[in-house]
Amino acid sequence: MVIPYKRSAYKLLHDGAIALAEIEGNGIKIDTVYLKKTIRKTEKRIQRLQTELEKGKVARTWKKVFGNKTNFNSNDQLGKILFEHMEIPCPERTKTGKYRTNEKTLMTVDHPFVEKYLQIKKLQKALTTYLRGIQKEVVDGFLHPFFNLHITRTYRSSSDSPNFQNIPVRDKELGNLIRKAFIAREGHQLVEIDYSGIEVAIAAAYHKDPRMIDYIGNPKLDLHRDMAIECYKLKSGQVTKDIRFYGKNCFVFPQFYGSMYTDCARALWGAIDTAKLCTKDEMPLKRHLQSQGIRELGDCNPQESPHKGSFEYHIQQVEKAFWGKRFKVYAQWKKKWYQKYVSRGWMLTKTGFICQGFMKRNEVINYPVQGSAFHCLLWSLTRLVRELKKHKMKTLIVGQIHDSILADVPAKELDDFLMLANTVMTTQLTNEWKWINVPLEVEAEVCPIGGSWSEKEEKEIPK
DNA sequence: AAACAGTGCGCG
DNA sequence: AAAGCGCGCACTGTTT
C-alpha cells in the first residue's frame with residue numbers, strides 16, 4: 001500500500017489526474033487506412049508461415065500426438081513435443097515444473113522448426129495485442145488510452161485500453177510496423193520529450209552518494225563506459241558503442257535494481273557471442289579475455305562460490321568493488337534504508353507518500369525511487385498542460401510513458417514547445433522540489449510534419 | 001459463461 | 001536473507 005502522507009502529495013495526484021484526463025480526451029490520431037491494410041497483410045503473412053510450418057516433420061508429429069486437440073499456440077504442447085518426443089534436453093523448467101518455452105530458452109534449441117515458430121509468435125503478438133488491440137479502441141480516428149494513478153504499488157502510473165506504455169520500439173521491424181499507425185494531426189508533428197536517466201538521478205536524492213552525484217553532474221564522466229571497461233578488462237581506448245551498451249544494460253542497471261553478479265556475468269558473457277563484440281582495435285572480445293587469463297564463464301550458481309579465473313569470478317570482484325569502493329555511500333544507504341523499513345514497517349518517499357505492507361529487500365530499495373521518478377514527470381506534465389493553455393498554444397499532450405511525454409505539435413510551435421518543455425521539466429521542477437540534488441536533463445525526438453511515430457529522430461533543443 | 005492461475009512478451 | 005523492480009494483454013487449461 002502507498003498512501004499520500006502530505007497535503008502536497010494529495011495535490012500532486014489530484015492535479016495529475018485532471019491533467020491526465022485531459023490528455024485522454026485529446027487522444028492520438030490513428031492512420032486507420034494503414035492499420036486496416038497492415039492487419040490484413042500481417043494475417044496473410046502469418047497464414048503463409050503457418051502453412052509452411054505445418055508441412056514440416058515436427059508439425060506432423062505434433063498432430064499425430066495431440067490429434068484433434070492440436071493447438072500450435074499451446075506452450076504445454078510445444079514443450080511435450082520438443083522435450084519428450086524429440087528428446088531434446090530441456091534447459092529450464094518453470095516454477096511449477098513445466099517446460100519453459102520462452103524465446104530465450106527456445107533459442108538454445110537449434111532447429112529450423114523453432115526458428116519459424118518464433119517468427120510466427122512475434123507476428124502473432126504484433127497482430128493480436130497491438131494492431132487489433134489498437135483498432136478495437138479507435139473512435140472516429142482517435143485512440144484514447146487510459147492513464148491510471150491508482151493502480152501500481154510504487155505509485156507510478158499505468159495505462160490500459162490499450163496500454164500506451166508498451167508499444168514495441170526495441171525490435172525495429174515490430175516497432176515500425178506498429179508505430180506507423182500513430183500519426184500527427186493535420187499540419188502537426190509528433191514530439192517526444194524524455195528525461196535522461198531520471199531513476200538514477202532521483203536515487204541520488206535518497207542515497208546522496210558523492211561519487212554518483214559526480215557521475216550525474218559531470219558530462220566528462222561516463223559510468224557505463226567505466227563499468228564496461230572493468231567488466232571486460234579493457235583499456236579506455238578499446239571501448240566501442242556496443243560494448244558500452246552491454247556494460248550499461250548487463251551490469252550497471254541490473255546492479256541498481258538488485259541483480260547478482262551471477263546474472264550479470266551470464267548476460268555479459270552471452271552478449272559477446274550474440275552481438276559479436278570486438279574491441280575498437282578489432283580484437284574479438286573472447287580472445288581478448290583469454291589474453292587476460294579468462295577462458296570460461298563458470299557455473300553461475302548463486303549457492304556456490306565461483307572458481308578463480310572464471311568470468312563469473314571476475315564479475316563478482318567487479319561487483320564487490322562497485323558497491324564496496326566506488327559507491328560505498330549508496331551501498332550504506334541501501335542497508336540503512338532496508339533496516340529502517342524492517343524496524344518500523346513503512347517508509348516515506350521524497351514526494352510525500354507512505355509505502356507500507358510486506359515488501360522484499362529489493363522492493364524496499366526500488367519502490368521509492370521508481371515512484372518519485374515518475375512523480376517528476378507527473379508534476380512536469382501537469383505544469384506543461386497549464387502553461388500551454390496560458391500561452392494559448394495549440395500543442396496537445398497526447399500521452400505519457402513513465403519518463404517521457406508525447407505531444408502533437410503544430411509545426412509553427414515546435415521550437416517554442418521544445419523550450420517550454422525543457423524549462424518546465426528541468427529548471428521549474430528543480431526549483432519546486434529542492435530535494436532534487438543533481439541537475440536534470442531531457443532529450444527530444446521529433447517526427448516529420450504529417451509523419452508517423454515510427455519516424456522519430458533526435459533533435460537538439462533550442463536555447 | 002466467467003473467473004482464475006500460469007506463462008510469455010511488449011514497454012520503462 | 002534473498003537471489004532485478006514496475007505494469008497490461010493474449011492465450012491455454014482448469015475450476016466455479
Check the phosphate of C:dG4 against A:N362, side-chain N and O only, distance under 4.0 Å to OP1 or OP2. Yes or no? no

Distance below 4.0 Å between A:S74 side-chain N/O and C:dG13 OP1 or OP2: yes

Report yes if the distance between the aromatic ring centroids of A:F353 and A:H375 is under 6.0 Å, otherwise no. yes

Does the separation of the ring centres of A:F322 and A:F251 fall below 6.0 angstrom? yes

Categorize A:V169 for me: base, sugar-phosphate, or nothing, with a 4.0 angstrom heavy-atom threshold over every strand shown. sugar-phosphate

Contact class for A:R361 vs. all strands (heavy atom < 4.0 Å): base, sugar-phosphate, or nothing? nothing

Is a donor-acceptor pair below 3.5 Å formed from side chain [X] to base [N], judging by atom type as modelled?
| X | N | value |
| --- | --- | --- |
| A:R100 | B:dG8 | no |
| A:N166 | B:dG10 | yes |
| A:E363 | C:dC5 | no |

Between C:dC11 atom P and A:K121 atom NZ, what is the distance in whole Å? 12 Å

Rounded to whole Å, CD of A:Q119 lies from P of B:dG8 at a distance of 20 Å

Salt-bridge present (A:K121, A:E103; N to O < 4.0 Å): no

Between B:dC9, C:dA10, B:dC11, which nucleotide has the shortest distance from any of its atoms to the side chain of A:K136? C:dA10

